[in-house]
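Some notes on the structure that comes next.
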Number of protein chains: 2
Amino acid sequence: MSQNGVGVDLDKSLGYLLKEASSALRAAMEEVLRPLEMSVTHYSCLELLAQRPGLSNSELARRAFVTRQSMNVLLQTLEREGYVTRPAEAPVGKVLPTRLTPRGRRRLEKATVAVRSVEVRMLAGMTETEQSGAFRILQSMIHSLRDGNDGA
Amino acid sequence: MSQNGVGVDLDKSLGYLLKEASSALRAAMEEVLRPLEMSVTHYSCLELLAQRPGLSNSELARRAFVTRQSMNVLLQTLEREGYVTRPAEAPVGKVLPTRLTPRGRRRLEKATVAVRSVEVRMLAGMTETEQSGAFRILQSMIHSLRDGNDGA
DNA sequence: CAATGTATGTCAGAATACTGACATGAGTCA
DNA sequence: TGACTCATGTCAGTATTCTGACATACATTG
């Protein structure tokens, strides 16, 4: 109606839709995690550690899409509350491998169930074929975006 | 390798991939906008106003995926710097329709070109069919996630 | 072996976004 | 008309994340 032909056209932009979907997913996760008094970032960190025990602070940060400084303050909190442990001294270099405590594992279990329900809901109405199609397409986007990071 | 069968399996999770893609897109946008001294949120706001002149603060907030309080402080900044204008009094109700100034429009133009190049890069390697497939799939995810927001 | 480059953990301050709260205006309904 | 509900704009305080900076540890290279 009031399009001025500038060219991006948010209604048809895949980038905008990507942001919208990601935002909706985050909101849905926050909603089911709130009763457990856990934030999305907390959950991500614990889930990462369950699947890759011994991950370092920096590695966790990269995989949770935050800076290592942010992850560090999160880990300090989780450590103080007894959900994760880190050795006092680094076995090698400065890298401190982090692990879930039994308490952390218990805390994660409920959250995992809640979050899985969200993912199931998100996938509702999509066939197997569509799901693997979505998988490929998202990977393609990520790859293309990362490529030109330092390109002139 | 060290999968413990918990069930989510981030490597195969569409939710995780969605977050990864969204994060990569945001990083790419930040990179091309940095030389213009503009943040992604600034750009989003201006682009929204270009396509939908007269949008209110609350509407802008919803479409930029931030709270109306955050958008309000952003608008105050943009207004002070002369990129947007709002009437001193609301024509109807409390809603203040916001509009781009010529200066704001000029500022947006360069940013639009930069951001479009990112979107083009993201779409590289995808056929037309894949792009419309991605569009449908993302819309499906959004719809499914919004549905259960007030369920039990 | 020494120099350099890269990656890590961490502290401190700044920027950004959020939650809570309030008053105001419009719509609804009896 | 009056009570009620809802959405908006805005102020204030809180929380979260980021940027900048530093020391340390390993790998590479001459």
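Keep in mind that this is a model prediction, so the values were computed, not measured. Proteins get letters first, then strands, A, B, ... in listed order; numbering begins at 1 in each.
- Between atom CG of residue A/Leu78 and atom SG of residue A/Cys45 there is a gap of 5.5 Å, rounded to the nearest 0.5 Å.
- In this entry the distance linking CZ of A/Arg26 with P of C/dC18 reads 10 Å, nearest Å.
- A/Lys19 NZ to B/Ser44 OG: the interatomic distance, rounded to the nearest 0.5 Å, is 8.0 Å.
- The distance from atom CZ of A/Arg63 to atom P of C/dT8 is 12 Å, rounded to the nearest whole Å.
- B/Gln139 has its side chain within reach of B/Phe135: a pair of non-hydrogen atoms, C-beta onward, lies under 4.5 Å apart.
- Spacing between atom CG of A/Leu55 and atom C1' of C/dG9 amounts to 15 Å, rounded to whole angstrom units.
- Mapping heavy-atom proximity under 4.0 Å, the span of DNA chain D touched by chain A runs 5' to 3' from D/dT17 to D/dC26.
- Nearest-nucleotide mapping onto DNA chain D: of B/Arg62 and B/Arg34, the residue sitting toward the 5' end is B/Arg62.
- The nearest whole Å value for the distance from the NZ atom in A/Lys94 to the C1' atom in C/dT8 is 6 Å.
- Scanning residues 70-93 of chain A for heavy-atom distances under 4.0 Å to DNA chain D yields A/Ser70, A/Gly93.
- Between A/Glu30 and A/Pro97, the residue whose closest nucleotide on DNA chain C is further toward the 5' end is A/Pro97.
- Distance CG/B/Asn57 to CG/B/Leu96: 8.5 Å, rounded to 0.5 Å.
- Among the heavy atoms of the strands, none lies under 4.0 Å from A/Ser39.
- Salt bridge status for A/Glu47 with A/Arg116: absent, with no side-chain N to carboxylate O gap under 4.0 Å.
- Between the CG atom of A/Asn57 and the P atom of C/dG9 there is a distance of 5 Å, rounded to whole Å.
- Judged by distance alone, the side chain of B/Arg26 and the main-chain N or O of B/Val40 form no donor-acceptor pair under 3.5 Å.
- Using a cutoff of 4.0 Å between basic side-chain nitrogens and carboxylate oxygens, B/Glu59 and B/Arg62 are scored as salt-bridged.
- Under the 4.5 Å side-chain criterion, counting only non-hydrogen atoms from C-beta, A/Met38 is not in contact with A/Met29.
- Without hydrogens or angle criteria, B/Thr98 side chain to B/Ser56 main chain gives no donor-acceptor distance under 3.5 Å.
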